[in-house]
Amino acid sequence: MPELPEVETYRRYFEETSLHQPIEFIEVEDRKLLTTDYATLTETLVGQSFVSTKRVGKNLFVQTNQGNTVHFHFGMTGDLEYYHSSLERPRHARIIFVFRSGFNLGFICPRKFERIGLVENIESYLKKKKIAPDALDISLEELSRNVRKRKSFIKPVLLDQSTVAGIGNWIVDEVLFQAKIHPESWSNTLTDNETERIFIAIRYVLETAIEHEANYGRFPTSFLIHAREWDTSPYEEANRHLLCPCGKIEIAQIRVGGRATYYCPECQQLR
DNA sequence: CGCTATGTTGTTCC
DNA sequence: AGGAACAACATAGC
């Protein structure tokens with residue numbers, strides 16, 4: 001689930017549960033999930049407490065009381081679960097911060113695409129990884145510049161974290177739908193009006209998603225997301241709407257840049 | 001079994 | 001050099 005709205009929801013959850021408690025131990029099931037070796041991570045963090053959080057795109061940074069910074073990346077399926085030690089360990093909690101309070105913060109890693117490690121500082125990390133400004137902070141000017149200097153379909157350009165940070169495969173389809181732009185439009189030929197529509201749609205979609213704590217099923221019926229096979233449980237499947245909110249035609253499914261892509265052939269036409 | 005998956009990175013080609 | 005395209009990563013679920 002972790003695109004920008006999910007990571008923002010995790011960040012808030014982290015703030016509500018895991019600050020100001022000394023870390024007693026860090027349990028790591030698979031060291032491949034660490035970007036800092038286990039000994040260094042443990043020696044640095046044990047005894048310290050988390051004191052603040054910051055999110056940039058899909059990256060969560062957590063600062064400690066002695067000035068260290070821990071980076072969390074949730075991959076495709078990462079999650080957080082805070083629970084008391086007396087309870088059973090959550091499924092796929094492959095890294096666990098055990099606090100002296102008796103509570104634990106589990107980093108849920110079903111597919112092992114998730115990562116945790118120490119970073120020297122946030123700015124240098126973002127620069128090294130070529131991560132653009134957060135999708136909720138970027139200016140229209142910088143977004144337009146970053147989009148137009150590329151020569152590719154607009155969808156993969158928006159997914160690239162060096163264009164704008166935080167947009168994933170579900171949000172990008174929703175943004176392009178709301179902006180009425182075909183996912184295979186050439187990024188270098190978009191007009192001022194079109195990049196502005198994308199800019200506005202990014203804010204609208206992300207703010208809506210964060211409001212609903214990334215519960216996609218509760219999004220407005222004017223959203224494309226309801227056509228997506230985002231949850232195949234019987235209940236959700238019954239709520240799936242293949243017809244575009246415009247009422248004229250069914251949402252089409254194609255592949256763009258190797259990724260499943262949903263769009264409305266009526267509302268999002270190529271120029 | 002075969003296929004898909006919310007993300008990122010490494011490789012290859014141009 | 002640098003960008004675009006795409007396979008690979010590890011696992012779960014249908």
Side-chain angles (χ1 to χ4, degrees), chain A residues 1-11 28-35 55-60 71-80 90-95 107-117 119 125-126 128-132 134-135 145-177 183-189 202 205-206 209-210 212-217 219 223-237 240 253-262:
Chain A
M1 302 150 204
E3 300 188 38
L4 188 152
E6 289 86 352
V7 179
E8 176 60 18
T9 303
Y10 300 161
R11 188 191 68 76
V28 178
E29 178 198 293
D30 186 340
R31 295 187 181 188
K32 267 187 276 189
L33 300 173
L34 299 178
T35 54
R55 183 192 55 71
V56 178
K58 305 170 193 171
N59 300 279
L60 175 63
H71 172 242
F72 290 68
H73 198 287
F74 296 91
M76 289 215 283
T77 48
D79 202 349
L80 296 176
R91 190 156 141 85
H92 302 133
R94 303 189 201 271
I95 296 178
F107 186 46
I108 314 294
C109 310
R111 279 171 214 175
K112 296 192 181 180
F113 280 174
E114 302 77 5
R115 293 292 181 269
I116 282 184
V119 297
Y125 178 84
L126 296 174
K128 186 179 68 188
K129 294 288 184 174
K130 297 185 167 44
I131 294 170
D134 187 80
R145 211 185 317 129
N146 288 352
V147 161
R148 285 212 196 88
K149 73 183 177 195
R150 301 282 299 277
K151 190 172 188 247
S152 181
F153 292 151
I154 184 60
K155 169 159 175 168
V157 168
L158 288 175
L159 283 174
D160 189 329
Q161 302 298 294
S162 68
T163 303
V164 53
I167 296 182
N169 199 38
W170 294 6
I171 298 288
V172 71
D173 283 358
E174 194 64 57
V175 164
L176 291 173
F177 174 71
E184 292 175 319
S185 303
W186 288 104
S187 60
N188 55 327
T189 68
I202 287 174
V205 171
L206 291 177
I210 291 170
H212 293 89
E213 297 181 330
N215 290 305
Y216 290 56
F219 288 7
F223 273 44
L224 170 84
I225 189 83
H226 304 293
R228 188 173 275 275
E229 200 172 355
W230 54 275
D231 186 331
T232 50
S233 71
Y235 172 79
E236 302 298 353
E237 184 63 26
R240 195 168 167 197
Q253 190 181 348
I254 57 174
R255 288 193 90 78
V256 179
R259 314 287 254 122
T261 299
Y262 292 73

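Atoms considered below: every heavy atom in the structure, side chains included; atoms not considered: hydrogens, waters and symmetry mates. To find a chain, count down the sequence lines: A is the first, B the second, and so on, and within it residues start at 1.
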Between CD of Q161(A) and CG of L158(A), what distance do you get to the nearest 0.5 Å?
10.5 Å
Would you kindly give the NZ-to-P distance between K112(A) and dT9(B), to the nearest whole Å?
19 Å
Which whole-number value in Å describes the distance from E3(A) CD to dT8(B) P?
9 Å
Mind checking the P distance from dA10(C) to dT11(B)? Whole angstroms is fine.
14 Å
For R259(A), answer base if it contacts any base atom (sugar-phosphate contacts may also be present), sugar-phosphate if it contacts only those atoms, and nothing otherwise; contact means non-hydrogen atoms under 4.0 Å.
base
What nucleic acid atoms does K129(A) come within less than 4.0 Å of, heavy atoms only: base, sugar-phosphate, or nothing?
sugar-phosphate
Using only modelled atom types and a 3.5 angstrom limit, is any donor from either the side chain of R150(A) or the base of dA4(C) paired with an acceptor on the other?
no
Assigned partner base of dG2(B), Watson-Crick or wobble definition, under 3.5 Å:
dC14(C)
Rounded distance (Å) that lies between atom P of dA4(C) and atom CZ of F153(A)
12 Å
Report the distance from atom NE2 of H92(A) to atom P of dA12(C), rounded to the nearest whole Å.
4 Å
Quickly work out the L159(A) CG to dG7(B) P distance and round it to whole Å.
7 Å
Nearest-angstrom distance from the residue atom CZ of F74(A) to P of dT11(C):
19 Å
Partner of D30(A) under salt bridge (Lys or Arg N to Asp or Glu O under 4.0 Å), picked from R94(A), K112(A), R111(A), is K112(A)
What is the ring orientation for F107(A) with F74(A), classed by angle as parallel under 30°, tilted 30 to 60°, or perpendicular over 60°?
perpendicular
To the nearest angstrom, how far is Y216(A) atom OH from dA5(B) atom C1'?
14 Å
Checking contacts here: which listed nucleotide (dA5(B), dA12(C), dT8(B)) is nearest the side-chain heavy atoms of R91(A)?
dA12(C)
Short side-chain N/O contact to dG7(B) OP1/OP2 from H73(A), under 4.0 Å:
no
Can a side chain N or O of T77(A) be found less than 4.0 Å away from OP1 or OP2 on dG7(B)?
no
Classify G258(A) by what it touches in the nucleic acid, base, sugar-phosphate, or nothing, heavy-atom distance under 4.0 Å.
nothing
Atom CD1 of I171(A) and atom CG of L206(A): how far apart are they, to the nearest 0.5 Å?
5.5 Å
Side chains of V7(A) and N59(A), heavy atoms from C-beta outward: is any pair under 4.5 Å?
no
Reckon K58(A) has a side-chain N or O less than 4.0 Å from the OP1 or OP2 of dT8(B)?
yes
When rounded to whole Å, the CZ to P distance for the pair R94(A) and dA12(C) reads 6 Å
Distance test, side-chain N/O of K151(A) to OP1/OP2 of dA4(C), below 4.0 Å:
no
